[in-house]
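Beneath this line is the structure, given in structure tokens, with notes to follow.
In what follows, every chain begins at residue 1, and chains take the letters A, B, ... in the order their sequences are listed. Just so we're clear, the structure is a prediction, and the values are computed from it rather than from any experiment.
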Amino acid sequence: MRLSRYFLPTLRETPREAEIVSHRLMLRAGMVRQQSAGIFSWLPLGLRVLNKVNAIVREEQNRAGGVEILMPTIQSADLWRESGRYDAYGREMLRIQDRHERDMLFGPTNEEMVTDIFRSYVRSYKDLPLNLYHIQWKFRDEIRPRFGTMRSREFLMKDAYSFDLDKEGARHAYNRMFAAYLRTFARMGLKSIPMQADTGPIGGDLSHEFIILAETGESEVFCDRNYLDFEVPGEDTDFESREGLQGLFERWTSLYAATSEKHDAAAYAAIPDADKLSARGIEVGHIFYFGTKYSKAMNAAVTGPDGREHEVHMGSYGIGPSRLVAAIIEASHDEAGVIWPDAVAPFQVGLLNLKAGDSATDAACETLYAELSAAGLDTLYDDRDERAGAKFTNADLIGLPWQVIVGPKSLAEGKVELKRRRTGERELLPIGDVLARLST
RNA sequence: CGGGGCGUAGCGCAGCCUGGUAGCGCAUCUGCUUUGGGAGCAGAGGGUCGCAGGUUCGAAUCCUGCCGCCCCGACCA
């Protein structure tokens, strides 16, 4: 993409409303625009990141056996009356009426709807297990939205729902998501730690919040430092192996980790001092087993091998991609701007023509731009008629992992400069070596 | 919902107390000069001062009501 033809409205100054660093940088880097309290437009750069995040989420859901669907944002109140949640949900749910004065709502979540889909089609245990997920906009009319897309009213959520014949099956479904979440966040350059979460009326140990550590995180968390060095399950993870995933689950829950709501001071005190970690964190995922709560209320049952009807055991599994974008920035930035992990960077390479209009730098940049693009590297070519300083500042702000800097001085020796955003390291290399260097 | 704060040009702000024809920086446009870390000079454009009432000869400024946004607390992907 040529920057001169792109839409990247970066700001030199920080809009007043932005308090935390991710919100400030998302506004300054021209990623989002707030349209109303907690409601955002996603501008081109922000949308690219959001799509990268979604792609990783989708790949890992699919790998773990999830099947993607897409349910609507607007739901009928009738479904929610069946489960009893229409009255129970409270004012966080945005209630609306259509022209026929039928009660509708902007979905805050989709348990009812997915259960309705399930019960409409699935009759036999032979069709289980099933895990349906979608990535869709949700609306929760938060009392106080804040922190940009970290806590917005309209937000993107990946929500998956598992259906199993019994609790043992549901536990395996849970473990699949557990492993998938560890992989998902790790691929985004984040170290996530599963922490005990409130299980509500069901009880048991089957609810975890996935927390990433960040100074500006919303929750206070306590855990064993050794989690940071735990090995994340690899691509070769066998999601069919009940024993394997159960072992993984047990390993990743063997040490203490809890948010302040579930904090057990005595258990924490038992951790050796050197391993104690008290920090702030951001919840980026939440997985939950809730048994037959909805299948019972909404009559979602299958015939089992015994010839009898069984209400299915369900779980739900959320990830907030629009929050993750902010969370990634919270975890990865410096004074100059964002530092995108390679996997979610809006472009992999920024190509800086320090003297647009100069025939030598223009020609070199055109060649490099064509080569990089042909090699499948997403490249943002800063071909604007701006001063070098403006281009450097802008490139650092939007945080592309690599900067290829083409200026008249080094070009006279046939060289260009390669800068790694994360470390600030620069190296001069022959222009012909750039592609090979970036392809590794 | 309780407490606090803010709405003046695209962004950041001053002006308000003590009413008198709306200003600064950045950005934008034009020209010249500059050209490796958000350039310099000269010029130009851009504002129903959040909205509605009221007081006054006169309101960005004083009064009343409303709307919007932000921060702190209780709730949440």
### Message
What I want to find out is whether Arg280(A) reaches Glu220(A) closely enough, with some N-O distance under 4.0 Å, to be called a salt bridge.
### Response
no
### Message
Counting only side-chain heavy atoms from C-beta out, which of G36(B), C69(B), C72(B) sits nearest to Gln34(A)?
### Response
C69(B)
### Query
CD of Glu19(A) versus P of G4(B): gap in Å, rounded?
19 Å
### Message
Go nucleotide by nucleotide along RNA chain B from the 5' end; which of Phe155(A) and Asn394(A) gets its closest nucleotide reached first?
### Response
Asn394(A)
### Task
In whole angstrom, give the distance that lies between atom CE of Met150(A) and atom C1' of C70(B).
17 Å
### Query
Across all strands shown, which nucleotide pairs with C17(B) by Watson-Crick or G-U wobble geometry, both distances under 3.5 Å?
none
### Message
Please classify the nucleic acid contact of Ser152(A) as base, sugar-phosphate, or nothing, using heavy-atom distances under 4.0 Å.
### Response
base
## Note on the structure
Atom NZ of Lys158(A) and atom C1' of A77(B) are separated, to the nearest Å, by 10 Å
### Task
With a 3.5 angstrom cut-off on both distances, give the Watson-Crick or G-U wobble partner of A9(B), or none if there isn't one.
none
### Task
Quick one: pull up OH in Tyr161(A) and CE in Met314(A) and give me the separation to the nearest 0.5 Å.
8.0 Å
### Task
Report yes if a donor N or O on one partner sits less than 3.5 Å from an acceptor N or O on the other, where the partners are the side chain of Glu13(A) and the base of G38(B); otherwise report no.
no
### Task
Could you check if a side-chain atom of His286(A) sits within less than 4.5 angstrom of a side-chain atom of Phe210(A), using non-hydrogen atoms only?
no
### Candidate pair Phe347(A) and Arg48(A), rule side-chain contact (heavy atoms from CB on, under 4.5 Å), full reasoning
CA-CA 8 Å; Phe347(A) 297 89; Arg48(A) 274 181 171 261; 3.3 Å; yes
### Rounded distance in Å between the C1' positions of G54(B) and A9(B)
28 Å
### Query
At under 4.0 Å between heavy atoms, what does Gly318(A) touch on the DNA or RNA strands: base, sugar-phosphate, or nothing?
nothing
### Query
Rounded to whole angstroms, how far apart are NZ on Lys419(A) and C1' on G36(B)?
12 Å
### Spacing of Glu17(A) atom CD relative to G5(B) atom C1', expressed in whole Å
14 Å
### Task
Tell me whether the guanidinium CZ or amine NZ of Arg176(A) lies under 6.0 angstrom from the six-membered ring centre of Phe239(A) and within 45° of its axis.
no
### Query
Within the pair Arg387(A) and A39(B), is there a side-chain N or O less than 4.0 Å away from OP1 or OP2?
yes
### Query
C71(B), A77(B), G38(B): which one has an atom nearest the side-chain heavy atoms of Phe147(A)?
C71(B)
### Task
Write down the distance between CG (Leu27(A)) and P (G10(B)), rounded to a whole number of angstrom.
17 Å
#### Entry: Arg323(A) side-chain N/O to A77(B) phosphate OP1/OP2 under 4.0 Å
no
### Message
Under 3.5 Å for both donor-acceptor distances, Watson-Crick or wobble: does G73(B) have a partner, and if so which one?
### Response
C1(B)
### Message
Whether Arg151(A) contacts C71(B) is assessed here as follows: a side-chain N or O lying under 4.0 Å from the phosphate OP1 or OP2. Is that the case?
### Response
no
### Message
Given the ring of Phe106(A), does Arg153(A) sit roughly above its face, with NZ or CZ under 6.0 Å from the centre of the six-membered ring and within 45° of the axis?
### Response
no
### Rounded distance in Å between the P positions of C49(B) and G2(B)
31 Å
### Query
Looking for any heavy atom pair under 4.0 Å, which part of the strands does Glu142(A) touch: base, sugar-phosphate only, or nothing?
base
### Query
When you compare G46(B) with C26(B), how far apart are their C1' atoms, in angstrom units rounded to a whole number?
14 Å
### Task
Describe the nucleic acid contact of Arg16(A) in one word from base, sugar-phosphate, nothing, applying a heavy-atom distance below 4.0 Å.
sugar-phosphate
### Query
Which heavy-atom pair separates Pro233(A) from Ala179(A) by the least distance, and what is that distance?
CG-O, 3.9 Å
#### Entry: Whole-angstrom distance between U61(B) and U18(B), as gauged at atom P
14 Å
### Message
Once you apply a heavy-atom cut-off of 4.0 Å, does Glu218(A) come out as touching a base, just sugar-phosphate, or nothing?
### Response
nothing
### Query
With rounding to whole Å, what would you report as the distance between C11(B) and G7(B) at their C1' atoms?
15 Å
### Query
Distance check: side-chain N/O of Ser410(A) vs OP1/OP2 of G36(B), anything under 4.0 Å?
no
### Message
When you measure only distances, ignoring hydrogens and angles, does the side chain of Glu417(A) come within 3.5 Å of the base of G36(B) through a donor and an acceptor?
### Response
yes
### Task
With heavy atoms under 4.0 Å as the rule, sort Arg28(A) into base, sugar-phosphate or nothing.
base
### Summary
As its Watson-Crick or G-U partner within any shown strand, both distances under 3.5 Å, C62(B) has G54(B)
### Query
Taking RNA chain B as the partner, which of residues 346-365 of chain A come within under 4.0 angstrom of it by heavy atom?
Leu354(A)
#### Entry: Sidechain N-carboxylate O distance under 4.0 Å for Glu218(A), Arg323(A)
yes
### Task
Let me know the distance between CZ of Arg146(A) and C1' of C1(B), rounded to the nearest Å.
14 Å
### Message
Does the structure show a Watson-Crick or G-U wobble partner for U28(B), both distances under 3.5 Å? Name it, or say none.
### Response
A44(B)
### Message
Please compare Arg12(A) and Ile20(A) by the position of their nearest nucleotide in RNA chain B and report the one closer to 5'.
### Response
Arg12(A)
### Message
Could you tell me how far C51(B) sits from C69(B) if I compare only their C1' atoms? Round to whole Å.
### Response
15 Å
### Query
Under 4.0 angstrom, heavy atoms only, what part of the nucleic acid is Asp396(A) near: base, sugar-phosphate, or nothing?
base
### Message
Please report the distance separating the P of C72(B) from the corresponding atom of A59(B), rounded so that it comes out in whole Å.
### Response
39 Å
### Task
May I have the distance from Phe210(A) (atom CZ) to C76(B) (atom C1'), rounded to whole angstrom?
18 Å
### Query
Does the ring of Trp340(A) carry Arg421(A) above it, NZ/CZ under 6.0 angstrom from centre and within 45° of its axis?
no
### Span that lies between the C1' atom of G47(B) and that of C66(B), in whole angstrom
23 Å
### Message
Parallel, tilted or perpendicular, judged at 30° and 60°: which one describes the rings of Tyr289(A) and His313(A)?
### Response
parallel
